[in-house]
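Values below: all heavy atoms of this structure, side chains included; hydrogens, waters and symmetry mates excluded. Small disclaimer: the values here were computed from a predicted structure and weren't measured.
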Amino acid sequence: MNPLTIYQARLDVVSAAVLSGDFAAYIACIDLPYLLRTAEADFVLRTADEMDQVFRMVSGALARRGVTHYERVARDALFQRPDRIEGWHFTHMIADGERIAAPHAARQVLVRRGEVWLFSEAGYPLQAAEWPIPEAALFGSKAAQLPGLGSLALDA
């Protein structure tokens, strides 16, 4: 399989889990420890409980805003090693056909554990320097450029 196909398939599983509030499906796609990078800070999440904080914040924020489509569309992915894929995608949040926030570019890393690909790292253009990340950071109108996102426009 090519890395873009693998990356998109894993994005789809996690996106569906977040939108439906299914933490079990979500955490089954995560490799711990998990590195979460924002435009202002790096956070290392070591336990499922710490990942649950992230999950509840994102899933709850989408539900409170009536999001009906949480789509993450892969733009590029490459094998860094046979067991590691780095990918870039755009996130779209839509409520009944209307965007609730500008699409934003993001970067994630997958690692293969046996036959399963798991997310181990993410980089998001969020203005967030503290933990837990404030919900408002997800929907801010001013997105930052993250290292490693190259020339991806944040409003595509």
Side-chain angles (χ1 to χ4, degrees), residues 3-4 6-65 67 69-93 100-140 142-150 152 154:
L4 187 62
I6 295 166
Y7 185 72
Q8 183 65 63
R10 299 310 288 166
L11 283 174
D12 291 346
V13 171
V14 170
S15 297
V18 170
L19 192 59
S20 68
D22 185 349
F23 181 71
Y26 172 83
I27 198 66
C29 298
I30 302 298
D31 187 57
L32 296 172
Y34 185 84
L35 175 61
L36 177 64
R37 296 174 180 255
T38 70
E40 297 178 347
D42 293 346
F43 305 98
V44 178
L45 308 175
R46 291 177 168 65
T47 67
D49 287 341
E50 290 175 317
M51 291 304 299
D52 190 42
Q53 287 181 323
V54 173
F55 177 82
R56 287 180 190 273
M57 188 268 289
V58 175
S59 184
L62 298 179
R64 283 186 288 283
R65 286 165 176 79
V67 171
H69 293 82
Y70 179 58
E71 305 291 336
R72 297 187 302 162
V73 181
R75 290 292 180 98
D76 196 13
L78 56 97
F79 283 108
Q80 292 181 319
R81 299 186 311 248
D83 64 344
R84 184 177 170 93
I85 294 172
E86 183 173 10
W88 299 266
H89 64 275
F90 278 93
T91 298
H92 303 268
M93 295 177 277
I100 64 160
H104 61 270
R107 172 192 161 275
Q108 286 196 261
V109 173
L110 286 166
V111 293
R112 189 174 59 210
R113 301 292 185 223
E115 296 301 313
V116 180
W117 287 96
L118 302 172
F119 287 104
S120 67
E121 183 179 323
Y124 299 108
L126 304 176
Q127 299 295 328
E130 74 253 11
W131 186 261
I133 294 171
E135 182 177 312
L138 288 178
F139 302 96
K142 183 180 177 188
Q145 186 68 31
L146 281 175
L149 289 178
L152 293 177
L154 293 175

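- The CZ atom of R64 lies 11.0 Å from the CD1 atom of I100; values are rounded to the nearest 0.5 Å.
- A distance of 4.5 Å separates CZ in R65 from CD in E135, rounded to the nearest 0.5 Å.
- For E130, the salt bridge (charged side-chain N to carboxylate O under 4.0 Å, His left out) criterion is met by no residue, not counting sequence neighbours.
- When all heavy atoms are compared, the tightest approach of P134 to A128 is CD-CB, 4.3 Å.
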- From CA spacing to verdict: side chain to side chain donor-acceptor pair (under 3.5 Å), W131, Q53: CA-CA 10 Å; W131 186 261; Q53 287 181 323; 3.0 Å; yes
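- Taking each heavy atom of C29 and R10 in turn, the nearest pair found is SG-NH2, 3.2 Å.
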Would you tabulate the side-chain donor-acceptor contacts of residues 109-120 under 3.5 Å, counting partners in other chains and residues two or more places apart, or write 'none'?
{"unit_1": "R112", "atom_1": "NH1", "unit_2": "P82", "atom_2": "O", "d": "3.4"}
{"unit_1": "R113", "atom_1": "NE", "unit_2": "D31", "atom_2": "OD1", "d": "3.1"}
{"unit_1": "R113", "atom_1": "NH2", "unit_2": "D31", "atom_2": "OD2", "d": "2.9"}

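- Taking the six-membered ring where tryptophan is involved, the planes of H89 and Y7 are tilted, since the angle between them lies from 30° to 60°.
- Formation of a donor-acceptor pair under 3.5 Å by the Q8 side chain with backbone atoms of R72 is found in this model.
- Atoms CD and CZ, on E121 and R37 in that order, are 5.0 Å from each other to the nearest 0.5 Å.
- Contact record, P33 with V44: CB-CG1, 3.9 Å, taken as the closest heavy-atom pair.
- Within the model, atoms CG of L36 and CD1 of I133 stand 4.5 Å from one another, a figure rounded to the nearest 0.5 Å.
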Can you give each donor-acceptor pair under 3.5 Å made by side-chain atoms of residues 19-28, sequence neighbours left out, with the distance rounded to 0.1 Å?
{"unit_1": "S20", "atom_1": "OG", "unit_2": "A16", "atom_2": "O", "d": "2.9"}
{"unit_1": "S20", "atom_1": "OG", "unit_2": "A17", "atom_2": "O", "d": "3.3"}
{"unit_1": "D22", "atom_1": "OD1", "unit_2": "A24", "atom_2": "N", "d": "3.3"}
{"unit_1": "D22", "atom_1": "OD1", "unit_2": "A25", "atom_2": "N", "d": "3.1"}

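- Note that CG of L32 and CZ of R46 are 10.5 Å apart. Values are rounded to the nearest 0.5 Å.
- Taken to the nearest 0.5 Å, the CZ atom of F90 stands 10.0 Å off from the NE2 atom of H104.
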